[in-house]
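Below is one structure; the comments refer to it alone.
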Amino acid sequence: MSIDLKNELNKAQYEAVTTTEGPVLVIAGAGSGKTRTIVYRLAHLVEQGVDPAQILLLTFTRKASQEMLTRAAEILGRPLDGTSGGTFHSFAFATLRRNAMDLGFESGFTLMDRADQENAVRDVRAELELGKGDKSFPKKNTVLDLITKSRNKEEPMDAVVQREAYHLSPYVEDLEAIARAYAIFKKKHALLDYDDLLFELDKLLTKNEPLRNQLSTRYRYIMVDEYQDTNLVQARIVKHLVGESGNVMAVGDDAQSIYAFRGANVDNILKFPEIFSGTKIVRLERNYRSVQQILDLTNHILDNARTKFDKELYSDIPGNSVPEVVYPISDQTQAKLVLDRILKLSKKYPLNEIAVLFRAGYQSFHLETSLARLGVEYRKFGGIRFNEAAHVKDVMSLLRLCVNTNDLIAWQRALDHVKGVGPKTVAKIYEALHTDSGGKYLTKMRKKHEALNDLLNELDVIRKSPLTPAGTLDRLISFYQPILTEKFPDDYPKRQQGLDQLAQIATSYQDMDQMLADLSLEGDPDDKEVDEESVVLSTVHSAKGLEWKAVILIDLVEDRFPSRRAVQRPEDLEEERRLMYVACTRAKEHLSLFVPKTIYNRYNGSSEPAMPSPFVMELPNDCFERFHESYSGGIEQRKSASVHAKSPSRAAASAEPKQPSGKPATKLGYCNHKIFGKGKIIAEIGPDKYRINFPGFGLKVIIKDYVELL
DNA sequence: ACAACTAAGGTTTTT
DNA sequence: CCTTAGTTGT
C-alpha cells in the first residue's frame, strides 16, 4: 500500500516532500501545513526504502519531534525504528555524552539549568569580590543574560553591552572577568550549560574528523524545523552533519522569528541557499488553519513590520468570525471578562480548544485565581516549571550528587537544610571531600551536624550499590521526606505529589544522566493523562507551533505587550511585533484581543491609565469589532465600523473614558537621544520641543534638534 | 566569621 | 511574589 501524496498534499507541499535529494528550504507561513509536510516527508522517505535510522529530525521541542514521528508511523502503518529526533540541545547532549572522554570529562558531566547557572555566576562574582557594596552592579540574572547573549551571538562582551545595555558600560571589564571565571568554574565542576552543549558539539565535530564523518554518513537525511530560530552555532552544526550527501531540509518562517533575544539569527534562514548551493526553495502560503477574517488581521500586523515579509497568507476555510477587541475597565476586571468569554466559548468548543495567551508568565495570575475559584480546569505553559520547583530541585541535587560528586552547586543545595551550615561551610566541606587530608575536618563536622552525617551516609550507601534511577529516587525521596515537611509546612502535600510524579517519571529511565538531562532540557514532563477538559494558559513563546479553535490574548497594553524592556531598541520592538503575529496566528476560528484601560500599579496601590498596545492601535478599523466594558459589568459593542449592532442597549457606557486613539502620542512615535537613549514622544510642546518619556529617566522636554526621530 | 532573620526593591521570553 | 541587601544573633 502506498501513500497517495498527490491527494494528501497541495502542490508546494508535494514538492517539498518529494524533493528528497539535495538541500531544500521550505518557507512555511503560519498554519500552512508545515508539520504535515515534515510528517509526510518522513513517511515518504521510509517508503522509498530509506532506513529510518538514517534520518535526523531536529525540532524545537522534543514533544514536537515525537509527535511528528508518531504521525509518520501512523501514515506508514509501521513504526520508524531508530530515527533520531529531538532538539539541538538534546541531540548535542546525547552525542557529547557518548564522547565525554574526548571533551576532557573522564567521569561524565552534568547539565546545568538556569538556576544552576545563576548560582554559579553568584559564587564566581563573590569569589572575585567584584562590585562589593555597589548597588548598581548588575544582578546575577542580568550578568548571565549578557554572558549567554555574548556567546550565542558570538560577539565580544563590550559589543553586546554597548548595543544592548549601554548603562552597564562601566562594568564591561568586570563582566568579562566574571564570564571567564564562570567558564573555569564549569570546567572544574564538570558542568555544562545550555550554550556549552552546542559549542562543545561544534568543537567536537570540527576537530574530530572520524566522528564527523561517522555522523554525516549515518544521517543521510536531515530535517530542521523552526530554522528561523537557530543561531550561528546551530547552523554550523547542521553544516557539519550534512556533510557530503547534502540532503538537508530546513523549514521555517522568517516572520515568526521570536528568539533573537537568545541569539537566534534570522540570517540563517535567509542565507541558507548561499551555504548550501543548489538549494531548492519551496514556499507554503496557503493557510489551512484560520478563517480569512483572522488572516486579514494577522496580515495587517505584518504590514507595519520594518522588514517586510514577502508573504500574504490566504485561506478558504469557511467561517464568519470577525476578531474582536475588548476593552475592560482594568486588568482586574479583564480576568472576569475573559472568564465570561471562556464560558461562552465553551458552549461551542471543548475547553482544550480554547487558549489564553500572554507575553509574560505572571500575566495570567488574576485569571488563574478566577478559574480556580470557579473550578475550571486549566493547564499552564511557560512560567514556573515542574523541574524548577524548589522541592524538585532539592531532590534532584541529591540525585546529582550520586553521579557527580564534583557538582558544587548540588552540594550547596543539598546542604542547605543543615542548620548552621551556610555557603562558606559548604565550600569547606566540599574541599574536605575532595582532598585526602580532609578526613579529620569531616569527622568533626559529621559529629557536629547530625543532618550532614545522615546525608553523607545516605549518599555513600547509594553510591556503593547503584540502583535503577527509580530505585535511587525512591530512597532519596524517603530521605527527603522529613526535610520536605519541615521546609514547606503550608503545602507539602501538594509538593509530595510532585515528587511522586518525579518517581513515576523515573521508572521509564535506565540511565540517571539521561533522566537528569531530560528534566533540564524539556521543561515539563508530559502529563500522562492530559485532562481533555482544560483551558490552556500559555506564554506566546510556549505557544509556538500550537493551534486552537479559539484564542484570547490579554494585557495588550504598552509596557506589557510589547514588553517594557523591548521598547528601547527598534529590533526588539520588531521582535515583539512578530511575537504578536505568532500569537494571533494560533487562532483557527475565534480571536479575542483584550486591552485593559487601566493597569494596577503596586507602587502607588492604584490603577493607572494604560495606553493600548501599538499593535492594536494600528489595526485598521474594519478588521475587528470593538467592545467596551460598561461600569455595570457587561460588555457592549461600540463604534462605527461594526458589521452588526445587536448589542444590548445599556446606557451606562457614556461615562467611560474616551478612546485614546486620536491622541498624538502614537503618531509622534519614538526617538533617539544621545544621552537618554530611546524614548517615546508624548507631546509636541511649542514649535521646537517635544515632551519625551525616556525609560529609566522619566519625562523630559527636549529641543527637537537634539533627537533623532525613529 | 558566619548563619539566620528582616525589610525592601523589582518582575520577559527559553533550551 | 521572589530575590537580595542589610542587620542581628550565635
Side-chain angles (χ1 to χ4, degrees), chain A residues 58-64 86-93 111-119 122 125-126 131-142 144-145 148-149 151-152 192-199 201 226 229-231 233-234 257-264 357-365 368-369 381-385 387-390 415-428 449 517-524 538-544 555 559-567 572 575-576 578-580 582-583 601-603 696:
Chain A
L58 295 173
T59 53
F60 207 69
T61 63
R62 223 160 19 114
K63 209 158 95 199
T87 61
F88 274 92
H89 290 87
S90 67
F91 175 76
F93 178 82
L111 178 64
M112 305 166 88
D113 67 9
R114 175 77 192 195
D116 299 329
Q117 297 179 59
E118 288 182 0
N119 289 340
R122 190 237 290 131
R125 176 186 156 188
K132 262 192 174 171
D134 178 358
K135 276 196 215 151
S136 50
F137 197 92
K139 308 277 168 266
K140 62 178 165 43
N141 210 327
T142 313
L144 186 62
D145 277 349
T148 63
K149 201 155 221 174
R151 291 196 78 194
N152 281 296
L192 290 189
D193 67 16
Y194 295 117
D195 305 333
D196 292 327
L197 290 179
L198 303 176
F199 283 99
L201 179 60
E226 309 282 12
D229 284 325
T230 57
N231 62 20
V233 218
Q234 288 171 320
S257 154
I258 55 174
Y259 280 92
F261 74 89
R262 74 172 201 213
L357 306 184
F358 32 85
R359 173 69 244 258
Y362 71 89
Q363 287 169 359
S364 65
F365 181 71
E368 284 178 62
T369 49
F381 298 96
I384 341 97
R385 289 149 176 276
N387 59 338
E388 283 169 359
L415 294 177
D416 188 56
H417 74 277
V418 181
K419 286 275 174 275
V421 173
K424 297 280 167 169
T425 316
V426 173
K428 274 191 203 154
H449 304 288
D518 281 1
L519 280 164
S520 300
L521 286 169
E522 198 66 52
D524 294 323
S538 175
T539 59
V540 181
H541 282 91
S542 298
K544 170 157 128 167
D555 272 357
D559 284 3
R560 296 226 176 161
F561 200 158
S563 158
R564 177 153 43 95
R565 319 269 284 244
V567 194
D572 290 342
E575 179 146 316
E576 298 288 309
R578 294 191 295 269
L579 207 47
M580 175 80 181
V582 168
N601 180 336
R602 70 190 137 274
Y603 166 64

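Note on naming: letters A, B, ... go to the chains in the order of the sequence lines (proteins, then strands), and numbering restarts at 1 for each one.
- When rounded to the nearest whole Å, the span between CG of L198(A) and P of dT15(B) equals 13 Å.
- Note: CG (D116(A)) to C1' (dT14(B)) measures 15 Å, nearest angstrom.
- Between the C1' atom of dC2(B) and the NZ atom of K428(A) lies a distance of 9 Å, rounded to the nearest Å.
- The phosphate of dT14(B) (OP1 or OP2) has a side-chain N or O of T539(A) nearer than 4.0 angstrom.
- D145(A) is linked by a salt bridge (charged side-chain N to carboxylate O under 4.0 Å, His left out) to R114(A), counting only residues two or more places apart in sequence or in another chain.
- Nucleotides of DNA chain B nearest to G422(A) and R565(A) differ in position, and the one nearer the 5' end is that of G422(A).
- For T425(A), no side-chain nitrogen or oxygen approaches OP1 or OP2 of dC2(B) to under 4.0 Å.
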- Item | Contact pattern, 5' to 3', of nucleotides 5-10 of chain C - B, S or - by protein heavy atom under 4.0 Å | SS----
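- Atoms OH (Y362(A)) and C1' (dT3(C)) sit 17 Å apart, rounded to a whole Å.
- The aromatic ring of F261(A) sits over the base of dT13(B), with ring centres less than 5.5 Å apart and planes inclined by under 30°.
- Nucleotide dT13(B) holds its C1' atom 8 Å from the CD atom of E575(A), rounded to whole Å.
- The side-chain contact (heavy atoms from CB on, under 4.5 Å) search around R262(A) returns F60(A), Y259(A), not counting sequence neighbours.
- Listed by chain and number, the residues in a side-chain contact (heavy atoms from CB on, under 4.5 Å) with S364(A) are F358(A), E368(A), K380(A), L537(A) (sequence neighbours excluded).
- Considering only side-chain atoms of A360(A), the nucleotide from dT4(C), dT12(B), dT14(B) that sits closest is dT12(B).
- Side-chain contact between D555(A) and R359(A) is absent, with no heavy atoms from C-beta onward closer than 4.5 Å.
- With dT14(B), dA4(B), dA3(B) as the choices, the nucleotide that has an atom nearest any side-chain atom of R114(A) turns out to be dT14(B).
- Closest contact between the side chain of H541(A) and the listed nucleotides dA4(B), dT14(B), dT15(B) involves dT14(B).
- When heavy atoms are screened at a 4.0 angstrom cut-off, F365(A) is found touching no nucleic acid atom at all.
- Using a 4.5 Å heavy-atom cutoff, the side chains of F261(A) and H541(A) are in contact.
- Listed candidates were dT15(B), dC2(B), dT12(B). Nearest to the side chain of K424(A) is dC2(B).
- In this structure D572(A) satisfies the salt bridge (charged side-chain N to carboxylate O under 4.0 Å, His left out) test together with R569(A), sequence neighbours excluded.
- The side chain of R359(A) has dT12(B) as its nearest neighbour among dT12(B), dT15(B), dA4(B).
- Rounded to a whole Å, the CD atom of E226(A) is 13 Å from the C1' atom of dT15(B).
- dT15(B) atom C1' lies 9 Å from atom CD of Q234(A), rounded to whole Å.
- Look at the P atom in both dT13(B) and dT4(C): the space between them is 16 Å, to the nearest Å.
- Under the 4.5 Å side-chain criterion, counting only non-hydrogen atoms from C-beta, Q363(A) is not in contact with T539(A).
- Under the ring pair (Phe, Tyr, Trp, His ring centres under 6.0 Å) criterion, F199(A) pairs with no residue at all, not counting sequence neighbours.
- Of the listed nucleotides (dT14(B), dT12(B), dT4(C)), dT14(B) has the atom at the smallest distance from the side chain of S542(A).
- Residue R262(A) places no side-chain N or O under 4.0 Å from the OP1 or OP2 atom of dT14(B).
- With the nearest nucleotide of DNA chain B identified for both G420(A) and L579(A), G420(A) has the one nearer the 5' end.
- Of the candidates dT15(B), dT14(B), dT3(C), dT15(B) carries the atom nearest the L521(A) side chain, counting heavy atoms from C-beta on.
- Rounded to whole angstrom, the span from the NE2 atom of H449(A) across to the C1' atom of dA4(B) amounts to 14 Å.
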